[in-house]
Structures are given as structure tokens and as C-alpha cells.
There are 2 protein chains.
Amino acid sequence: MANIKDVARMAGVSIATVSRVLNEYPYVAKDKQEKVRAVMKELNYSVNGNAVKLIKGKTNTIGVIVPYNNNSCYDELINGILKKAHELHYQVLLLPSYYENVIESSYLTLLKKKMIDGILLTSHTLHPEQILALSEWGKIVCCEACPVEHVPSVFPDRFAAYIEVFTYLKNKGYNRIHFTSGRDFQSSPSTRLRIQAFQETITVAYENQFFDQCFDYQDGKRVGDLMFRNSIVPDAIFTNGDEVAAGIIASAQTHGYSYMQDFEIIGEENTPLSEILGFPSVDYHQTAIGEQAVSLLLSDEYARIQIRHQLNFRARTEASALS
Amino acid sequence: MANIKDVARMAGVSIATVSRVLNEYPYVAKDKQEKVRAVMKELNYSVNGNAVKLIKGKTNTIGVIVPYNNNSCYDELINGILKKAHELHYQVLLLPSYYENVIESSYLTLLKKKMIDGILLTSHTLHPEQILALSEWGKIVCCEACPVEHVPSVFPDRFAAYIEVFTYLKNKGYNRIHFTSGRDFQSSPSTRLRIQAFQETITVAYENQFFDQCFDYQDGKRVGDLMFRNSIVPDAIFTNGDEVAAGIIASAQTHGYSYMQDFEIIGEENTPLSEILGFPSVDYHQTAIGEQAVSLLLSDEYARIQIRHQLNFRARTEASALS
DNA sequence: GCTTGACTTGAAATGCATTTCATTCTTTAC
DNA sequence: GTAAAGAATGAAATGCATTTCAAGTCAAGC
């Protein structure tokens with residue numbers, strides 16, 4: 001495979017000149033320019049991207065750490081990331097962590113190895129110290145609220161959303177309000193926030209009103225079966241994620257209860273699912289978060305930007321369409 | 001930042017020895033090994049990944065070209081890809097094409113630039129010649145059936161699935177069978193296959209039974225409104241994707257028709273949606289396709305592997321849950 | 001006619017790690 | 001006791017492009 005040396009030799013110029021043509025520097029004589037271009041075409045030459053990365057010390061690549069890719073809640077976020085990165089001529093390395101701390105921290109070392117210019121964290125298990133320890137080698141931006149200072153982040157105002165949802169449900173006079181979550185409160189900050197928001201708004205607490213380990217439709221069905229197995233039915237349920245909500249709705253039906261007649265449900269992420277089934281859902285504007293996270297990552301500023309959520313109620317026509 | 005030279009100097013050995021320690025070669029004296037490791041720790045040293053890539057001529061990175069990331073039909077596929085790639089110690093560059101040929105072919109040149117070892121194509125607009133022209137620089141595997149030889153691929157047997165669905169509907173005695181598709185038949189091979197399968201199985205053709213430009217829930221509602229606006233209602237509808245099917249079901253309801261009583265519908269991709277709404281869906285086993293595509297990409301074999309689909313009927317209990 | 005500034009060009013240093021080749025020193029084997 | 005095999009190590013070549021520095025040409029300006 002041809003390299004810059006071959007091109008230089010065949011064009012009868014120095015490699016410096018070839019490099020100048022390659023990078024469209026001014027001050028290269030027209031005839032040599034054309035000659036070099038002709039030779040490059042003839043030899044079917046391309047720069048070696050790794051040589052460029054090596055000498056420039058820059059890769060134009062960012063890493064995005066996600067737990068998995070089969071949870072639709074990351075679709076919008078990643079889409080925003082891809083869009084903005086493409087706009088700014090950066091490429092995106094998708095790094096699945098499977099929520100394993102060892103894997104996550106191995107990804108952070110990609111910064112030290114100069115293989116990426118920065119990292120975007122979505123949901124993670126990393127401790128702030130782990131992040132800060134590596135951030136001297138490249139910028140790390142978090143797409144969730146980070147408990148410590150110094151970690152730049154663009155994040156949804158989850159706590160405000162939780163408060164808003166619980167308040168809304170409380171004001172409707174509901175007594176039995178269930179809610180679900182993903183990882184347990186020890187590993188997940190958002191689960192802790194959820195519980196905290198609950199405690200700050202709802203006074204009536206009872207057993208079996210909180211269910212964690214909910215991630216997808218099947219989990220929703222599973223906890224739905226727990227919720228509806230006896231005759232005491234919840235007035236309302238606030239789920240993490242629309243898929244979980246959908247699973248609960250499906251489970252409720254098999255137990256003879258129906259969403260809207262017998263209980264209210266509010267989901268999260270505002271996916272097509274909530275639109276289709278007609279339940280309200282909290283939209284965290286993840287596309288915007290993704291875009292702004294990339295912008296922040298590639299800027300040299302420090303910021304902690306909170307993106308305002310929106311509690312999305314469905315038009316009744318849609319809601320009734322499937323009931 | 002410390003490099004291998006610094007480590008060598010401080011440890012009092014040659015860079016060759018440091019490299020040996022780094023790569024765990026045998027034949028390095030224990031004491032020097034320890035000294036080198038100590039110095040590496042002291043200097044907080046990491047290899048420069050780009051230097052390694054440059055000299056080894058290998059990146060351990062593959063590129064995955066996808067049109068977008070906000071269509072859930074790629075979730076399973078990408079998840080399979082990520083999983084297998086991680087297993088084989090490869091990293092994944094996610095390359096959004098927005099269905100633009102220029103962007104797609106620019107990604108192919110990443111191979112020439114040695115920035116990735118191989119490319120996985122999902123849905124694409126590239127012509128076979130474009131693919132073959134670049135495949136001398138690295139392996140390109142297609143996750144859809146490729147019309148020409150020489151392009152290794154792992155793909156769903158869409159045509160067989162289409163035939164199966166249409167035959168199933170025909171055998172039920174239906175006369176009015178609508179079907180939908182995404183891109184028009186000129187740009188999309190699968191749309192062509194769909195039409196061909198229809199022609200080979202169904203004899204009764206009529207106007208307005210085929211609708212393209214369907215991609216999501218809204219499109220489903222849109223074409224649903226067209227299907228149900230007059231009193232002639234289809235017996236069955238075969239959609240591309242579960243979201244489109246859901247949109248049609250929603251639209252039908254607003255027109256006073258209901259899925260299962262008045263018409264049958266079959267979706268695609270077997271997402272939670274079809275499970276929730278209780279309509280059958282074709283599962284192409286995209287996770288398996290993704291995994292095998294990565295395996296094929298990283299092997300030195302040529303193959304065109306067809307993955308068998310499965311027409312997934314729903315248990316009546318689920319199906320009735322929401323009706 | 002000479003200075004000055006605008007162009008044009010190439011040699012060489014730089015970024016960093018891998019690997020081959022040659023060399024030296026030990027063992028083991030017969 | 002000597003040949004053969006094993007262990008340990010470094011010098012130097014290699015992969016490839018960017019960029020600085022120095023030096024050259026040429027035309028405009030006084």
C-alpha cells in the first residue's frame with residue numbers, strides 16, 4: 001500500500017510538499033499540486049489515519065459509555081449524540097458497560113491511551129473519584145446529574161420531574177401510589193431521588209409500593225402481577241420507563257383491571273409506547289441532552305447544564321383509541 | 001506525558017525490554033520486569049494506542065453503518081453486534097448515514113485510512129460496486145441480503161417471511177390484503193421483495209393496497225386513515241415494523257374499527273409493541289444476525305449466511321388483554 | 001541596484017511502540 | 001568437556017504523516 005513517501009518520490013517532490021497538498025496549505029505551485037494529486041490518484045493513495053492521530057495527538061473520536069443498547073431509553077440520547085458529533089466532524093465509539101465497573105473503568109483508560117478525545121457517560125457505576133482521576137487525560141461529560149462538582153454534565157432534572165409527578169398524583173387525591181425503579185437504591189442515584197421525592201410529597205406510605213429491578217416490558221409484567229394479585233389495587237403507578245408501564249398495563253388486564261378505568265399510570269422517556277397506549281410520560285428531552293453533551297464535551301468550558309423535562313399528557317382521543 | 005522511552009531510561013533498560021514487559025513476552029528477567037512495572041506506575045504511563053495501531057496496522061475497531069439510531073428496529077441488531085464485538089475484544093464505531101450515499105461512502109474510506117478493520121452494513125444505499133471497490137482494503141459484511149456475489153453477508157430471509165405471511169393470510173380466505181413498506185421500491189430492495197412476494201402469492205390485487213414511506217407510529221396512523229376512510233375495510237394488513245402496525249390499529253379505532261374483530265394485522269421485528277397489542281410479528285432474530293455478522297467480519301472466511309425468521313403468534317390471553 | 005516581502009520547497013525532527021537481528025550469558029545433555 | 005539449546009537484552013529499522021526551520025526564487029518598491 002502506497003504511503004506519502006511513494007507519492008513524493010513519484011511526483012518528484014518532498015513529502016512536505018505532498019503533505020501540504022493533502023492538507024490544502026497555500027503556497028504550493030500549481031503544477032506540482034496537480035502532479036501530486038495525479039500521483040495520489042494513480043497510486044490510489046489515502047492518508048494513514050493512525051499516523052495522523054499519532055502525530056496530531058488528536059483522534060476526532062469520542063467514546064460513549066452505555067449500559068446496553070437494547071433499551072430504547074438510550075435511542076434518543078444516542079441519536080442526539082450521533083447527530084451533533086457528525087455535525088462537528090467527530091466519530092462515536094459506542095462502549096457497552098453492562099453496568100460492570102471494571103469494564104467502565106477500562107474504557108476510561110482509552111483517554112490515557114489517546115484513542116479517544118473525550119468520554120460521554122450515560123448511566124454508569126463509576127465513582128466520582130474514578131472519573132476525576134482520569135479526567136486529567138481528557139474531558140469526561142456526564143449525561144446524568146453528578147453528585148460532585150468538577151464533573152461537567154448535561155442532565156435531566158429528574159428530581160423536579162419526580163416531585164411534579166408525585167404532586168400531580170397526590171393532588172388528584174390518590175392514596176395508593178406505587179412506583180418502580182431500575183437498579184436498587186444503593187447503586188442508582190436516580191432510584192434514591194425517586195424515593196426521596198416520594199417521601200417529600202406523599203405522606204401515605206405502605207408496604208409493597210416500591211418495586212425495583214424494573215428494566216423492560218417483562219419486568220413490568222412481573223411487578224404488575226405482584227401489584228394486582230390481591231384485591232387492593234393501586235390508584236396510580238409511576239414507572240421508570242414506558243416499557244415497564246406497558247408491562248404493568250398488560251398484567252393489569254389479565255387480572256381484570258384496566259388502565260384509566262381502575263388506575264392511572266405515568267411512564268418515562270416519552271417513547272412511542274406511551275403515545276400508543278395513551279398514558280402520560282415524562283419527556284426528559286434526551287435528544288437535546290445528547291446534543292448539548294457533545295457540544296460541552298468538545299468545548300473547553302466547564303458547565304453543569306440542567307435540561308428541563310416535560311410531563312407529556314396524551315390527548316384523550318389517542319388515549320381512548322386502544323382502551 | 002511519559003512515553004516508552006522515558007520508562008526505558010528511568011528503568012535502566014532498552015525500550016525493547018519495556019515493550020516486552022508491556023506485552024508480557026517471556027524471557028524478561030524478573031527483577032527488570034518488576035523495575036519496569038514500578039517505573040510505569042510511577043510515571044503513570046500508558047501505551048499510546050495510536051502508535052500501536054500504526055505499527056501493527058490493526059485497530060481492533062469495526063465500523064457499523066446505520067441510517068439512524070432512533071428506530072428501535074436496530075436496537076437488537078446493534079446489541080448483538082456490541083455483544084459479540086466486546087467478546088472478541090473489538091470496539092465499535094457507530095456511523096450514522098442518514099441514508100445519504102455520500103456519507104456512507106465516506107465511511108468506507110475509513111478502511112483505506114486504516115482507521116477501522118472492517119465494516120458492518122445495515123440498511124444502506126450503497127451500490128454493490130461501491131462496496132466491492134473498497135473491500136480490497138478491509139472486509140465489509142452486509143446485514144441484509146446483498147444482490148451480488150462476493151459481498152459476505154448475514155441476513156434475514158425476508159422473502160421467505162413475506163411469502164409465509166402472505167400465504168398465511170391467503171389461506172385464511174382473505175381477499176383484501178393491504179401491506180406497507182418503508183422506502184420506495186426504487187431505493188429499497190426489501191420493498192421490492194415485499195411486492196414480489198405479494199405478486200407470487202396473492203392473486204387478488206386492487207388499488208390502494210400498498211403504502212410506502214411508512215417508518216414509525218405516525219406514518220402508521222397516516223396510512224391507517226387512508227385505509228379506513230371509506231367503508232371498504234381490509235381483511236388483513238402486513239406492515240413493516242410494529243410501530244406502523246400500532247399506528248394503523250390506533251387509526252382504525254378512531255374510524256370505528258377494531259383490530260381482531262374487523263381485521264387482522266401482522267407486524268415486524270417482534271418488539272414489545274406487538275406483544276403488548278397482541279398482534280403477530282415476524283422476528284428476524286436480529287441479535288443473532290448482529291452476533292454472527294461480527295463473527296463473520298472478523299473471520300477470514302467468505303460466507304453468505306441466511307438466518308431463519310420466525311412468525312411469532314401471540315397467546316390469546318395476551319392478545320385479548322388490551323382489546 | 002538593492003531591499004523587502006511574498007512565494008516555494010525540502011531536510012530533518014517529531015510523535016510512539018513493535019519487532020527483527022545479533023549478541024552475550026547460562027544451562028543442559030552426552 | 002564441549003556442543004547444543006535456552007534465556008536475556010539492546011540497537012536499529014519500521015510504520016506514516018506533520019511541522020518547523022532554513023534556504024532558495026522572484027517580483028515589487030524606492
Side-chain angles (χ1 to χ4, degrees), chain A residues 1-37 39-40 43-61 109-117 137-138, chain B residues 1-37 39-41 43-61 89 109-117 137-138:
Chain A
M1 177 161 175
N3 61 25
I4 199 173
K5 235 171 167 174
D6 302 323
V7 176
R9 197 183 318 116
M10 278 198 59
V13 297
S14 72
I15 55 171
T17 299
V18 178
S19 178
R20 286 187 189 106
V21 173
L22 219 46
N23 296 286
E24 297 183 328
Y25 274 46
Y27 306 147
V28 179
K30 278 249 167 65
D31 56 330
K32 300 213 173 174
Q33 229 176 92
E34 280 159 21
K35 177 74 187 166
V36 168
R37 273 189 228 286
V39 171
M40 292 201 296
L43 293 181
N44 198 0
Y45 167 81
S46 273
V47 279
N48 182 312
N50 296 317
V52 177
K53 288 180 189 175
L54 174 59
I55 197 155
K56 289 213 168 160
K58 208 188 162 221
T59 59
N60 271 63
T61 304
T109 66
L110 291 176
L111 284 176
K112 268 183 85 173
K113 293 185 185 166
K114 302 253 178 197
M115 293 166 86
I116 50 180
D117 295 340
W137 307 102
Chain B
M1 177 161 175
N3 61 24
I4 199 174
K5 235 172 167 175
D6 301 325
V7 176
R9 196 182 318 119
M10 277 198 60
V13 296
S14 72
I15 56 170
T17 299
V18 178
S19 178
R20 287 187 188 106
V21 173
L22 220 45
N23 296 285
E24 296 183 328
Y25 275 44
Y27 305 149
V28 179
K30 278 250 167 64
D31 56 331
K32 301 211 172 176
Q33 230 177 92
E34 280 158 20
K35 176 74 187 166
V36 167
R37 274 189 228 285
V39 170
M40 292 202 294
K41 184 161 270 177
L43 294 181
N44 199 358
Y45 168 81
S46 273
V47 279
N48 183 311
N50 297 316
V52 177
K53 287 180 188 175
L54 173 60
I55 198 157
K56 288 213 170 159
K58 208 186 161 222
T59 60
N60 272 63
T61 305
H89 306 291
T109 66
L110 292 176
L111 284 176
K112 268 182 87 172
K113 293 186 186 166
K114 302 254 178 196
M115 292 166 86
I116 50 180
D117 296 340
W137 306 102

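For clarity, every value in this text was computed on a predicted model and none was experimentally measured. Letters go in sequence order (proteins before strands), and every chain restarts at 1.
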How long is the line joining NZ of B:K114 and P of D:dG15, in whole Å? 11 Å
Measure from the side chain of B:I55, starting at C-beta and using heavy atoms only, and say which of D:dT9, C:dA17, C:dG10 lies closest. C:dA17
A:N50 side-chain N/O to B:K114 backbone N/O, donor-acceptor pair under 3.5 Å: yes
Do the side chain of A:N48 and the main chain of A:N3 share a donor and acceptor less than 3.5 angstrom apart? no
D:dG15 P sits how many Å from B:M115 CE, rounded? 20 Å
I want to check one thing: is the phosphate of D:dA17, taken as OP1 and OP2, less than 4.0 Å away from some side-chain N or O of A:K5? no
Gap separating the CZ atom of A:R37 from the CD atom of A:E34, nearest 0.5 angstrom: 8.5 Å
For the helix from C:dG1-D:dC30 to C:dC30-D:dG1, what angle separates the axis at the start from the axis at the finish, each from five pairs, in steps of 10°? 40°
Give the rounded distance in Å between these two atoms: NZ of A:K58 and C1' of C:dC16. 20 Å
What is the distance, rounded to the nearest whole Å, between atom CG of A:D6 and atom P of D:dG15? 10 Å
Where along residues 15-28 of chain A does a heavy atom come under 4.0 Å from DNA chain D, residue by residue in number order? A:I15, A:A16, A:S19, A:R20, A:L22, A:N23, A:Y25
Check the pair A:M1 / B:W137 against side chain to side chain contact (heavy atoms under 4.5 Å, CB included), numbers first and verdict last. CA-CA 9 Å; A:M1 177 161 175; B:W137 306 102; 3.5 Å; yes
Measure the distance from CG on B:L43 to P on C:dC16 and round it to the nearest whole Å. 13 Å
For A:L54 and A:A29, find the nucleotide of DNA chain C closest to each by heavy atoms; which residue's nucleotide sits nearer the 5' end? A:A29
Could you tell me whether the side chains of A:N44 and B:K112 share a donor-acceptor contact shorter than 3.5 Å? yes
Student check: side-chain heavy atoms of A:V39 and A:V36 closer than 4.5 Å: no
Taking the side chain as everything from C-beta on, heavy atoms only, tell me whether B:M10 gets closer than 4.5 Å to B:K35. no
Just the rounded figure in Å: distance from C1' of C:dG15 to NZ of A:K56. 13 Å
Rounded distance (Å) that lies between atom P of C:dA13 and atom CD1 of A:I4: 18 Å
Determine yes or no for a side-chain-to-main-chain donor-acceptor pair under 3.5 angstrom, with B:D117 supplying the side chain and B:N60 the backbone. yes
Enter the distance from A:K32:NZ to A:T17:OG1 here, rounded to the nearest 0.5 Å. 6.5 Å
5' precedence on DNA chain D between B:K30 and B:V52 (nearest-nucleotide basis): B:K30
Rounded to whole angstrom units, what separation is found between the CG atom of A:N3 and the P atom of D:dA13? 18 Å
